[in-house]
Q: 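Here's a structure for you.
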Protein chains: 2
Amino acid sequence: MKDRIDEQLHSRNIKPTAMRELVLKVLTDQKTAISLPELELKFEKADKATLYRTLKTFEENKLIHSINDGTASVKYALCRESCECYPEDLHVHFLCTVCEHTYCLNDIPVPKINLPAKFRLENVNMVVKGVCSNCYT
Amino acid sequence: MKDRIDEQLHSRNIKPTAMRELVLKVLTDQKTAISLPELELKFEKADKATLYRTLKTFEENKLIHSINDGTASVKYALCRESCECYPEDLHVHFLCTVCEHTYCLNDIPVPKINLPAKFRLENVNMVVKGVCSNCYT
DNA sequence: ATGCTGATGCAACCAGGTTGCAAAGTTTAT
DNA sequence: ATAAACTTTGCAACCTGGTTGCATCAGCAT
Ligand SMILES: [Mn+2]
Ligand SMILES: [Mn+2]
Ligand SMILES: [Zn+2]
Ligand SMILES: [Zn+2]
């Protein structure tokens, strides 16, 4: 288990500290994306700033990606093994208005957009809001 | 001028107060979307809470729509005359990473997405980040 | 004029995010 | 082995955008 975690960290050139292993473990166990405040709650006693910087490190090294779902807090989720966060790697996200969970729709790539002349695309954030299958009536 | 403004307010069932006229005037003159903090700066002396509530009223009545571009602050821009903010009315937004302006790409509708089974779509926020034509090198 | 309703202004508050700095831990050089 | 250099952590403080409670004010109906 720990081996697998450390391997993941190593593959993204992140030094495996105790804190980082714990955070990555939490992220791995998540089925939906998690925010910094939510992450704090996963620990008995953990420093917000450290978690914040851990997430930043993870994101900079493309171990995780951030999602702006329009709620108060940014969510984070693991990148796939092969992900380099290029526009063509991106997928759609889904925010359920009932359970408030944010899903990575890994199988749904962000559609290609034809921008006006002389607009250069670098990144895309596409979030669909609605009701998820768990909350479906 | 004022006639036009009041007409717009009236068409969305918003009582035309002095404050609202001023705010709508600012929004009309904007070429790019504007945030609450930016809106505050447009006035010599204006109350944040009032502006906040004005924007909320405008949004609830579909005179404006909000844009979550991933920056610290939510942006607002006028809806088109015919807009009812249904999913099929939505367009793509563009955040320039150089000038930091957020554009409504009114001519680019948000592409239709096929969600997984039993996911119901209610709304979509699609923001492209990159370099705009003004900042294009 | 009087009273009702909604809009405004002010102040205080809240939460997420961010930073400075010193202590602790790790790596590298001598 | 020891010291120096660098990285990570923990704590506290701070900033900012957003939000709310409440008293006052303006407009409209009676
Ligand atoms: Mn995702
Ligand atoms: Mn728009
Ligand atoms: Zn749900
Ligand atoms: Zn630009």
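Letters A, B, ... are given to chains in the order of the sequence lines, protein chains preceding strands, and every chain is numbered from 1.
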Q: Give the nucleotide from the list C:dC10, C:dT8, C:dG17 with an atom nearest to the side chain of B:Lys45.
A: C:dC10
Q: Among B:His93, B:Lys75, B:Arg80, exactly one meets side chain to side chain donor-acceptor pair (under 3.5 Å) together with B:His65. Which residue is that?
A: B:His93
Q: May I ask whether A:Phe119 and A:Leu90 are part of the same hydrophobic cluster, defined by side-chain heavy atoms of I, L, V, M, F, W, Y residues being less than 4.5 angstrom apart, directly or through others?
A: yes
Q: From CD1 of B:Ile14 over to P of C:dG6, roughly how many Å is that when rounded to an integer?
A: 15 Å
Q: For B:Glu44, give me all partners under salt bridge (Lys or Arg N to Asp or Glu O under 4.0 Å), at least two apart in sequence or on another chain.
A: none
Q: Between the side chains of B:Lys15 and B:Glu21, is the shortest nitrogen-to-carboxylate-oxygen separation below 4.0 Å, so that they form an ion pair?
A: no
Q: Using a 4.0 Å heavy-atom cut-off to protein, can you give one letter per nucleotide of nucleotides 19-30 of chain D, 5' to 3': B if the base is in contact, S if only the sugar-phosphate is, - if neither?
A: BBB---------
Q: Look at the side-chain N and O atoms of A:Ser73 and state whether any lies under 4.0 Å from the OP1 or OP2 oxygen of C:dG16.
A: no
Q: Grab the CG-C1' distance between B:Leu51 and C:dC10 for me, whole Å please.
A: 13 Å
Q: Compare the minimum distances between each of D:dG18, C:dT8, D:dC11 and the side chain of B:Pro37, then state the nucleotide with the smallest one.
A: D:dG18
Q: Could you state the CG-P distance from B:Asp69 to D:dG17, rounded to the nearest angstrom?
A: 13 Å
Q: Identify the residue among A:Leu63, A:Asp6, A:Thr57 that makes a side chain to side chain contact (heavy atoms under 4.5 Å, CB included) with A:Arg20.
A: A:Thr57
Q: Could you tell me how far apart A:Asp47 (CG) and D:dG10 (C1') are, to the nearest whole angstrom?
A: 5 Å
Q: If I take atom CG in residue A:Leu9 and atom C1' in nucleotide D:dT7, what distance separates them, rounded to the nearest angstrom?
A: 15 Å
Q: Rounded to whole angstrom units, what separation is found between the CD atom of A:Glu40 and the C1' atom of D:dT9?
A: 15 Å
Q: Are OP1 or OP2 of D:dT8 and a side-chain N or O of A:Thr54 less than 4.0 angstrom apart?
A: no
Q: What is the distance, to the nearest angstrom, from the CE atom on B:Met19 to the P atom on C:dA7?
A: 14 Å
Q: Hydrophobic clustering (ILVMFWY, side-chain heavy atoms < 4.5 Å, transitive) - are B:Ile34 and B:Leu95 grouped together?
A: no
Q: What does B:Thr50 touch in the nucleic acid at a heavy-atom separation under 4.0 angstrom: a base, only the sugar-phosphate, or nothing?
A: base
Q: Using modelled atom types and a 3.5 Å cut-off, is there a donor and acceptor pairing between side-chain atoms of B:Arg12 and backbone atoms of B:Lys62?
A: yes
Q: Rounded to the Å, how far apart are B:Leu55 CG and D:dG17 P?
A: 14 Å
Q: Out of C:dA7, D:dG17, D:dG10, which has the shortest distance to the side chain of B:Arg20?
A: C:dA7
